[in-house]
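Order of listing sets the numbers, starting from 1, for every ligand and every atom in it.
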Amino acid sequence: MAQNAPKPRPARGERTRAVHGATPHKPGPMTTPIVRSATFSFASLAAMNGEQDRGRDSAYYQRIAHPTVRACERRLAELEGAEDALLFASGMAAISAAMLALVGYGDHVVALRQSYGGTHELLKFGRERLGWTFDLVDARKPETWGQAFKPRTRVLHVETPTNPVNEIVDLAAAAELAHARGARLTVDNTFASPVGQRPLEFGADLVLYSATKSIGGHADLIAGAATGSSALLESLFDVRKTFGPIIAPEVASVIERSLKTLPLRVAAQNANALDLAQRLSAHPGVAQVMYAGLASHPRHALAARQMKLGFGPVVAFDVRGGASAAEETVNAFQLVRHAPSLGGVESLASLPAFTSHVHMSPAERAEAGIPEGTIRLSVGIEDPEDLWADLDQALARAAAFSTSGGPAR
Ligand SMILES: *Cc1c(COP(=O)(O)O)cnc(C)c1O
């Protein structure tokens, strides 16, 4: 008898969810139609009121919510295994919405000294204009974080791996600390991506993304996302409604397309990144490689526990000869493109002292553990041999520059 009973179907795997979503499809178009309509009409006031009441599921007015955007949000939530997701006009819009939702006048935030530069700007803005305060803690010294909490600390905000030097935060320990102090843990998970690390499973309350990076993945859009419980996202939804940073349906449609290949792209980028990190470590022109996939990284074991598809696309390294040799290396790249941003299919290199961390003084960068000559390499999906050949020739140029004492101009 039991033999004929239908077997319970196992939950869909990650790649299947990425392509098809978590639930059986309805017959019809392969992709979510792009509904280009800023407003929607109704047969009666009762019908309009009913639609308005559907909040983030509504098709009423595009600034509030939108069916094409909503379909992409559901797809992202299902992929990450979150209760819900919201999309924003940029990563900073998502992080701003989180802070505006969770932190009020007189409240306090604890964040990493190593946080994304835009997040620092946001925290300073709030201190000057919105009446909140914040303290920065060092990602490398979690034992000191407890001292930074105040009675009105509402949020502990972390990133892991951190930008650019790949410090790793113990998410379960951070969640425990935040919750013991009555605060929430928010995690900027941009570096790892929704398929590379699931902070919600370690106790985080809210996960934030620059969808401009791995989620979009092709350097062709700006967007942000937040994932978490439906209840907590309701307060971010209120902020999005009020301030208005929803994305356009066309952008949501491109993100939905990108989500289908996200597990494949992230796996390929992470594998390439590990390969290059290992080769760079053995290169005589390289002084130091900062990548959590290397056994020599102080938090390698923790990263291996928290990260599912490898250790992220970003490899940070210092070349011998310091800042000027780093500049020469970046100038010499032929295949790797010199640009800010990360997580896309194309390999990009930048000098954090002049891009993501330009707002800090050299002393502040030193305090955050970011050497002046660090190169941040975001590894794409190209053939690893081509990438290595480019790194190798650029390092040779930098070494020739260092020994000749200047550029051959
Ligand atoms: C790029 C980035 C952001 C900001 O995202 P935008 O989409 O540029 O607004 C935030 N956090 C991290 C870790 C980032 O790399």
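Under the side chain to side chain donor-acceptor pair (under 3.5 Å) test applied with Asn189, the options Glu159, Gln197, Glu80 reduce to a single match, Gln197.
At the shortest separation from atom 13 (C) of ligand 1 among protein heavy atoms lies Asp188 OD2, 3.4 Å. For atom 14 (C) of ligand 1, the closest non-hydrogen atom on the protein side is Lys213 NZ, 3.0 Å. The protein non-hydrogen atom at the shortest distance from atom 9 (O) of ligand 1 is Met92 N, 2.8 Å.
The heavy atom nearest to atom 8 (O) of ligand 1, out of those in Tyr116, Tyr209, Phe191, is found in Tyr116.
For Glu250 and Arg36, the salt-bridge test passes: some basic side-chain N is under 4.0 Å from an acidic carboxylate O. Look at Arg74 and Glu256 and you find no salt bridge, because none of the NZ, NE, NH1 or NH2 atoms lies under 4.0 Å from a carboxylate O. At a threshold of 4.0 Å, the pair Arg337-Asp390 does not count as salt-bridged, since none of the basic side-chain nitrogens sits closer than that to a carboxylate oxygen. The residues Glu201 and Lys308 are annotated as not salt-bridged, no charged nitrogen and carboxylate oxygen being separated by less than 4.0 angstrom.
Of all atoms in ligand 1, numbered sequentially from 1 with element shown, those under 4.0 Å from a heavy atom of Ile95 are 10 (C). Here is the list of ligand 1 atoms found below 4.0 Å of a heavy atom in Ser90: 7 (O), 9 (O). Residue contact check: Leu342 has heavy atoms under 4.0 Å from atoms 15 (O) of ligand 1. Each of the following atoms of ligand 1 lies closer than 4.0 Å to a heavy atom of Ala223: 7 (O).
For a threshold of 3.5 Å applied to N or O pairs, the pair formed by Glu159 and ligand 1 contains no separation below that value.
Side-chain atoms of Asp188 and His157 include no donor-acceptor pair closer than 3.5 Å. For the residue pair Gln52/Tyr60, the side-chain donor-acceptor check at 3.5 Å is satisfied.
Heavy-atom distances between Ala94 and ligand 1 stay at or above 4.0 Å for every pair.
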